[in-house]
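Read the structure below first, then the notes.
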There are 2 protein chains.
Amino acid sequence: MAAALRLADERGLENVTVENISEAADVSPRTFFNYFATKDDALLGGPLPHGPSMRDRLLAVPADVPLVPALLEAISADIAEIQRERDFWLLRLRVIRSNPSLLPVLVARGECAEQETVVAVAARTGLPTGDLFPQLAATLVGAAFRTAMMRWATAGDGRDLYDLVREAFGVLATGLATSAPTHEDIR
Amino acid sequence: MAAALRLADERGLENVTVENISEAADVSPRTFFNYFATKDDALLGGPLPHGPSMRDRLLAVPADVPLVPALLEAISADIAEIQRERDFWLLRLRVIRSNPSLLPVLVARGECAEQETVVAVAARTGLPTGDLFPQLAATLVGAAFRTAMMRWATAGDGRDLYDLVREAFGVLATGLATSAPTHEDIR
DNA sequence: TAAAAGTTTGCAGCCGCTGCAAACCTGGCC
DNA sequence: GGCCAGGTTTGCAGCGGCTGCAAACTTTTA
């Protein structure tokens, strides 16, 4: 993974072949594919920082906490983990940013987490899994998290990732309508 | 596109080669690639129903309309277009559903529209393009729209796509916190 | 020290995708 | 009809991603 990221960062993803990567990592190309199903996987396919299931984590939050803060709480361990490997993730996100074709792959990776979130939200709200709300909530949470992460990686200000996610989740909680108040605040 | 969709629907995407598709469409494989950059493109890559830019459409909505309804208004033409080609889109979405690898591709397709939405929201709210809010709003709108579409394609009830999108946008407007009221409503 | 179990590698081969140049239309003009 | 200019379609050669299989190698265990 390190070799793949370094090369992709240096010369751009399309100028890096699996042969290059495996050569830099001192293994045969065949071995590369023993560990990664895809070239892209070498860039994004690290083991997800996942302990207990989303469902369990979300239900572990006291029932009187509203949904969005509960979701934030449920993923806070992941956020901390990302910040612990800050440099690694910043490199990874820079590579994603400069190779837009990877963004969908990132989305795909988030998808299994998203499926878990559907179940988790359904469990917590008591709605059926097939309902619009849990599905919508899950994709929105995923989208908000991704946006916050990209922003964290891009913005020069050394803002805390947790802060950015909390801000994004704040918008999620109160809705787009009320959370563009900068407009009126300015007057 | 029709041949590709039919074959993918019949036997699953991984069992369909470009050669199969081009054969079914009575052209050479090389010609296939003159029209589609990618095999997936033949499934999702139809011309996007896009007239004027998102920015112009959004600014065309009277200024006193709140953001979310304005966004809904701005994309209503696209929604109508999709419903006009109902059968085609239902087939397309069924294929996407049964070939999860296509979902990220769908996201990628929406991305250029999303970039436009960032600009549009920034223009309408007066915030800078680089701000968190326009970016967040754009991804959330995209995610909500996609979720509504998948639901429209899946649910047996013949609900209007416009209705579903409006419901999803409603959640977006009022926030996740307040829009799972089913919970309290039941009591 | 030898067998068992696991890892790495080479090889052959399919498929997606591309650049290039030849073949083939098509419509307009003498 | 014959010819030319434009565009479209095709074949071909070739790269790179990816896979199944079986041989070579390494490590563990008894």
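Here is how names work: the chains are called A, B, and so on, in the same order as the sequence lines, proteins then strands, and each is numbered from 1.
Put simply, the side chain of V165(A) does not reach to within 4.5 Å of the side chain of W152(A), judged on heavy atoms. Within the 4.5 Å cutoff, side-chain heavy atoms of N20(A) are placed close to those of R11(A).
No side-chain donor from either of N34(B) and T31(B) sits under 3.5 Å from a side-chain acceptor of the other.
Atom CG of L176(A) and atom CG of L172(B) lie 4.5 Å apart (nearest 0.5 Å). Atom CG of residue L5(A) and atom CZ of residue R94(A) lie 10.0 Å apart, to the nearest 0.5 angstrom.
Of the residues in residues 19-38 of chain B, those placing a heavy atom less than 4.0 Å from an atom of DNA chain D are V27(B), S28(B), R30(B), T31(B), N34(B), Y35(B), in numerical order. Shown for residues 1-16 of chain A: residues whose heavy atoms fall under 4.0 angstrom of DNA chain D, namely V16(A).
In this structure, R55(B) contributes its side chain and A123(B) its backbone to no donor-acceptor pair below 3.5 Å. Judged by distance alone, with hydrogens and angles left aside, the side-chain atoms of R92(A) form a donor-acceptor pair with the main-chain N or O of L43(A) at under 3.5 Å. Side-chain atoms of S53(A) come within 3.5 Å of backbone N or O of D56(A) as a donor-acceptor pair.
The environment of R146(A) atom CZ is dense: over 12 non-hydrogen atoms of other residues, nucleotides or ligands sit within 6.0 angstrom. Open room surrounds CZ on R86(A); 12 or fewer heavy atoms of other groups in view lie less than 6.0 Å from it.
Put simply, chain A comes within 4.0 Å of DNA chain D, heavy atom to any atom, from dG17(D) to dC21(D), going 5' to 3'.
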